[in-house]
Each structure stands twice: as structure tokens, then as C-alpha cells.
Amino acid sequence: MKSLAALVLSSLVPLAAHAQVNATSDYLSRMDGDGDGRISLAEYQDWMSYAFDAMDRNRDGTLTPDELPGGKGKPVTRDEYRARIAATFNKQDVNRDGSLSARELAAPPQ
């Protein structure tokens with residue numbers, strides 16, 4: 001399971017180029033849909049789901065082995081993917097206020 005998560009998350013690197021972000025403030029401004037200066041879990045999941053969407057070629061809501069990097073692994077549903085993203089969010093939300101500040105967003109997950 002960890003290797004699949006690493007594989008899926010590693011796919012974010014080449015896809016991140018489409019976003020044209022160069023600093024934490026760029027990520028914050030692009031992720032922050034309501035403009036409140038913080039990133040909610042939903043905003044974080046929506047932003048991070050672009051990798052899933054790019055890999056889900058047939059748009060069925062499940063990444064099958066042929067859609068995963070390396071062409072191997074167990075299928076991953078959108079809900080499973082969002083749960084993994086939520087786990088990462090929770091690690092980054094060090095003050096446990098339910099949102100990520102620019103500082104939390106820039107720091108590696110604890």
C-alpha cells in the first residue's frame with residue numbers, strides 16, 4: 001500500500017509543472033478557493049486531485065494498474081486517493097485548526 005501511495009504521489013512531480021508555481025505563496029493563492037488565506041481540507045484535496053484526474057484516462061473514478069505509474073499495482077478509487085491526501089493534510093496541520101497556513105503548507109509533513 002505504501003509503495004502504491006508513493007508511486008501515485010511521485011506522479012505529482014511532472015504534473016505540478018502545469019500549475020506554474022514557484023513559491024509557497026503561489027501554491028497558497030492557487031489552492032485557496034475562498035481567498036481566506038488558509039487552505040481547508042477540501043481545497044487541499046481538490047488541488048491535489050489533479051494528479052488523479054490526469055492519470056484516470058477513462059474517467060471512471062478508479063486508477064487501474066494500466067493507469068498507474070509503472071503499469072502495476074492495485075486499483076485506487078478516488079475516495080481512497082482523497083483519504084490519502086487527507087492523511088497528508090492532517091500531518092501538515094500541526095496546530096490542528098483544520099486548515100493549512102502558508103508556513104504549514106511549506107513544511108514537510110510531520
Side-chain angles (χ1 to χ4, degrees):
M1 183 76 112
K2 284 187 178 184
S3 63
L4 177 58
L7 215 61
V8 171
L9 291 175
S10 70
S11 67
L12 295 175
V13 174
L15 295 173
H18 94 279
Q20 300 285 321
V21 292
N22 299 313
T24 301
S25 60
D26 291 341
Y27 278 110
L28 184 72
S29 66
R30 289 180 183 244
M31 289 177 156
D32 188 12
D34 61 9
D36 67 355
R38 301 175 310 173
I39 306 303
S40 68
L41 174 59
E43 289 170 329
Y44 188 79
Q45 287 173 313
D46 291 347
W47 173 263
M48 298 302 286
S49 289
Y50 70 85
F52 185 99
D53 296 338
M55 290 185 292
D56 187 16
R57 294 185 299 269
N58 63 3
R59 304 287 182 241
D60 68 351
T62 300
L63 297 179
T64 54
D66 63 307
E67 294 171 318
L68 292 169
K72 303 185 225 184
K74 294 171 64 175
V76 178
T77 67
R78 176 176 296 284
D79 289 341
E80 291 168 334
Y81 190 77
R82 289 179 70 90
R84 290 181 186 147
I85 292 169
T88 300
F89 177 93
N90 290 331
K91 288 178 184 174
Q92 285 186 263
D93 183 16
V94 294
N95 67 358
R96 306 291 180 239
D97 68 350
S99 64
L100 299 180
S101 65
R103 177 173 283 171
E104 289 170 322
L105 189 60
Q110 300 298 314

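In this chain, residues are counted from 1 in sequence order.
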Gap separating the [atom1] atom of [X] from the [atom2] atom of [Y], nearest 0.5 angstrom:
X: D93; Y: I39; atom1: CG; atom2: CD1; value: 12.0 Å
X: D66; Y: N58; atom1: CG; atom2: CG; value: 7.5 Å
X: D56; Y: L68; atom1: CG; atom2: CG; value: 10.0 Å

Search all heavy atoms of [X] against all heavy atoms of [Y] and return the closest pair with its distance.
X: F52; Y: V76; answer: CE1-O, 3.6 Å
X: S99; Y: F89; answer: CA-CZ, 3.8 Å
X: T62; Y: T77; answer: OG1-CG2, 3.9 Å
X: M55; Y: P69; answer: SD-CD, 3.8 Å
X: G73; Y: P65; answer: O-CG, 3.0 Å

Any donor-acceptor pair under 3.5 Å from [X] side chain to [Y] backbone:
X: S40; Y: E43; result: yes
X: Q92; Y: E104; result: yes
X: R57; Y: A54; result: no
X: R38; Y: D32; result: no

Cluster check I85, V94: I/L/V/M/F/W/Y, side chain < 4.5 angstrom: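 No, it is not one cluster - the side chains of I85 and V94 are not joined through contacts under 4.5 Å.
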Evaluate the side-chain proximity of L105 to M31: yes if any heavy-atom separation is below 4.5 Å, no if none is.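 M31 vs L105: side chains touch.
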Partner set under side-chain hydrogen bond (donor to acceptor under 3.5 Å, both in side chains) for D79, not counting sequence neighbours: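 Residues passing side-chain hydrogen bond (donor to acceptor under 3.5 Å, both in side chains) with D79: none at all.
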Under-4.0 Å salt bridge between R78 and D60: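 Salt bridge flag = no for D60 with R78.
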For A86, side-chain contact (heavy atoms from CB on, under 4.5 Å) partners two or more places apart: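 Partners of A86 by the side-chain contact (heavy atoms from CB on, under 4.5 Å) criterion, ordered by chain and then number, come out as L41, Q45.
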